[in-house]
Amino acid sequence: MPDRQSRGHQHAEAEFVLSGADLLYWRRKREQWRLLAERSPDDATADYLHRYFEPIARALDSLEKALAGLGLIDDALALDLRKPQNYFHRVWSTAFRAADLADAGIEEKSEYSDTCSAEDTDPEQDVV
C-alpha cells in the first residue's frame with residue numbers, strides 16, 4: 001500500500017496542468033533532454049533517457065496541438081516572460097491536465113517509439 005507521501009505525490013501528478021504560458025519553458029527542457037541523450041556515453045543510456053521523458057514529450061506535443069486548435073499557439077510562442085503579463089489572457093487561463101495531454105499523445109506514434117531499448121539488445125552483442 002502506498003504511503004501517505006507517495007499518495008500525495010501521485011495526486012499532485014494527476015492534478016498537474018499545463019497552459020500556453022508553459023509551452024516555451026517545456027520546449028527548452030525537451031531540447032535539453034535531447035542534448036543530454038545525444039551526449040550519453042552509450043545507446044542504452046540514450047534509450048533510457050528517451051523512454052523516461054517520452055510521456056512529457058507526448059504531453060508537450062498534445063499541448064501544442066490543443067493550443068493550435070484554440071488559435072493560441074502564436075500567442076504562446078510569442079510570450080516573453082521577462083515582460084509584465086496579462087494573466088487573464090487565454091494563453092494563461094486555458095490549461096489542460098498534463099495526464100490527459102500525455103494520454104492523448106499515446107494514440108499517435110511517438111518520435112522515439114522506434115528506438116531500440118536496452119531490454120531489446122544483448123549486451124554481449126558486438127556493435128558493428
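Note that the structure is predicted; figures quoted are calculated from it, not measured.
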Margin query: Looking at every non-hydrogen atom in both residues, tell me the closest pair between Arg97 and Val17 and how far apart they are.
Written below: CA-CG1, 4.0 Å
Checklist line | side-chain contact (heavy atoms from CB on, under 4.5 Å) involving Ala21 - partner list, sequence neighbours excluded | finding: Ser19, Leu79, Trp92
Checklist line | ring-ring contact (aromatic ring centres under 6.0 Å, His included) partners for Phe53, two or more places apart | finding: Trp33
Note to self: Going by side-chain hydrogen bond (donor to acceptor under 3.5 Å, both in side chains), name the residues that satisfy it together with Arg90, two or more places apart in sequence or in a different chain.
What the structure shows: none
Checklist line | Glu31: side-chain contact (heavy atoms from CB on, under 4.5 Å) partners, not counting sequence neighbours | finding: Arg34, Leu35
Next item on the list: List for me each residue that meets side-chain contact (heavy atoms from CB on, under 4.5 Å) alongside Tyr48, sequence neighbours excluded, and say none if there are none.
Entry: Arg51, Tyr52
Check: At their closest point, which heavy atom of Leu101 faces which heavy atom of Ser62, and how far apart are they?
Finding: O-OG, 2.8 Å
Checklist line | Arg30/Glu54 salt bridge by N-O under 4.0 Å criterion | finding: no
Check: What are the two closest heavy atoms between Asp75 and Val91, and how far apart are they?
Finding: C-CG2, 4.2 Å
Notebook entry, point to check: What residues, two or more places apart in sequence or in another chain, satisfy side-chain contact (heavy atoms from CB on, under 4.5 Å) together with Ala68?
Noted result: Ile73
Next item on the list: Considering non-hydrogen atoms only, spot the tightest contact between Trp26 and Leu60 and give its length.
Entry: O-CD2, 3.7 Å
Check: For Asp42, what residues pass the side-chain hydrogen bond (donor to acceptor under 3.5 Å, both in side chains) criterion, not counting sequence neighbours?
Finding: Thr45
